[in-house]
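Since this is a predicted model, take the numbers as computed values, not measurements. Computed from heavy atoms alone, side chains included, the values below leave out hydrogens, waters and symmetry copies.
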Amino acid sequence: MSQDLFNPLDKTNLGKSVIDALMATKAVKLGDLPKFKGAGVYAIYYSGQFAPYAALSALNRKDPKHPIYIGKAIPQGGRKGLTTDASLDSHALSARLHKHAESIAATSDLKVTEFGCRYLAVDDIWIGLGETLLIQRFSPLWNQVVEGFGNNDPGKGRHKGMRPLWDELHPGRAWARRLKPAKQSREQILAMVGDYMAKLGGG
């Protein structure tokens, strides 16, 4: 039987090293993060009392293993390819995570104290790949089903779009209230969440 040769530089193997390194870090409270240097990838975990998320919460109470959201924070200029190794000169990770904490705090049905996170400063060129492979690995709820958690205020004069599903389910962000309702109703979104949780519980 033939066997494929192991290529350590294959993108899947490179991405796995990022996943392993992130998961080896200690999970900390999302709302207690200080300002720190670094750009890279992160995972956010939920272990609270929002009933539709019960199956996910149960998985994360003792030892967070299944993220509700995966994201990246790139150094300033990274979107234009203007940096080479600016990750450690940036506060991108802490700024992004603090912004997520503010989004959660603005809602009426979630509490920042119910969220934890892991984060990892990563060499700039691997940040995007690391995020993509982490999402593929874990299929987080807020990346794959209830989208829009990571969205920013579209800005003045740009509020003609539809409200993200995340804001439809977890209202609170002021800028999202100015958008048109999402195509899916809250009931439809909850049904989608139920399907996700059923698969999660069966896995």
For residues A43 and L22, report the shortest heavy-atom separation together with the two atoms involved.
CB-CD2, 4.2 Å
Checking the side chain of Y196 only, and the main-chain atoms of L141 only, is there a donor and an acceptor separated by less than 3.5 Å?
yes
Quick one: does any side-chain atom of K29 pair with a main-chain N or O of T113 as donor and acceptor, under 3.5 Å?
yes
I'd like to check D153 versus R178 (side-chain heavy atoms, cut-off strictly below 4.5 Å). Are they in contact?
yes
Side chain proximity check, K72 to T132, heavy atoms < 4.5 angstrom
no
What distance do H170 atom NE2 and F50 atom CZ have between them, rounded to the nearest 0.5 Å?
4.5 Å
Do I104 and K111 come close enough that some side-chain heavy atom pair is under 4.5 Å?
no
So do C117 and V28 actually touch side chain to side chain, heavy atoms under 4.5 Å?
yes
How close do A21 and L120 get, heavy atom to heavy atom, and via which atoms?
CB-CD2, 3.7 Å
Grab the two heavy atoms, one from R186 and one from P171, that are nearest each other, plus how far apart they are.
NH1-CD, 4.4 Å
Sub-4.5 Å side-chain heavy-atom contact between M192 and L165
yes
Say you draw a straight line from CG of L190 to CG of D195; how long is it, rounded to the nearest 0.5 Å?
11.0 Å
Start with the C-alpha gap between S103 and R173, add the side-chain angles, then the distance that decides, and say whether side-chain hydrogen bond (donor to acceptor under 3.5 Å, both in side chains) holds.
CA-CA 6 Å; S103 291; R173 292 192 288 197; 3.2 Å; yes
Kindly say whether the aromatic ring centers of Y69 and H100 come within a distance under 6.0 Å.
yes
Would you please classify the geometry between the Y119 ring and the F36 ring as parallel, tilted or perpendicular, with 30° and 60° separating the classes?
parallel
How long is the span from the OG atom in S185 to the CG atom in L169, to the nearest 0.5 Å?
10.5 Å
For the residue pair W166 and F149, categorise the inter-ring angle as parallel (less than 30°), tilted (30 to 60°) or perpendicular (more than 60°).
tilted
Heavy-atom closest contact (V112 atom, L30 atom, distance)
CG1-C, 4.4 Å
Ring geometry between Y46 and Y53 (parallel below 30°, tilted from 30 to 60°, perpendicular above 60°):
perpendicular
For the residue pair W175 and N151, establish whether any side-chain heavy-atom pair is separated by less than 4.5 Å.
yes
Just verifying a value: how many Å separate R96 CZ and I44 CD1, rounded to the nearest 0.5 Å?
9.0 Å
Which of these, R163, K180, R177, sits in a salt bridge (charged side-chain N to carboxylate O under 4.0 Å, His left out) with E168?
R163
Got a second to check how far L59's CG is from H66's NE2, nearest 0.5 Å?
7.5 Å
Do the side chains of L179 and P154 get nearer than 4.5 Å, heavy atoms only?
yes
Minimum-distance pair of heavy atoms, taken over all atoms of P75 and A39
CD-CB, 3.5 Å
Verify side chain to side chain contact (heavy atoms under 4.5 Å, CB included) between F115 and L110, making sure each step is shown before the conclusion.
CA-CA 9 Å; F115 288 83; L110 300 173; 4.2 Å; yes
Nearest-0.5 Å distance that lies between atom CG in L97 and atom CG in L33:
5.5 Å
Establish whether I125 and I19 are linked, either directly or via other cluster members, by ILVMFWY side-chain heavy-atom contacts under 4.5 Å.
yes
Test P64 against every option in K26, R118, M23 by the side-chain contact (heavy atoms from CB on, under 4.5 Å) rule and name the one that passes.
R118
Do M197 and L56 have side chains that approach each other closer than 4.5 Å (heavy atoms only, starting at C-beta)?
yes
What one should report as the nearest heavy-atom pair of V145 and V193 is CG1-N, 4.4 Å
Under the 3.5 angstrom rule, does the side chain of N60 hit a backbone N or O of K65 as a donor-acceptor pair?
yes
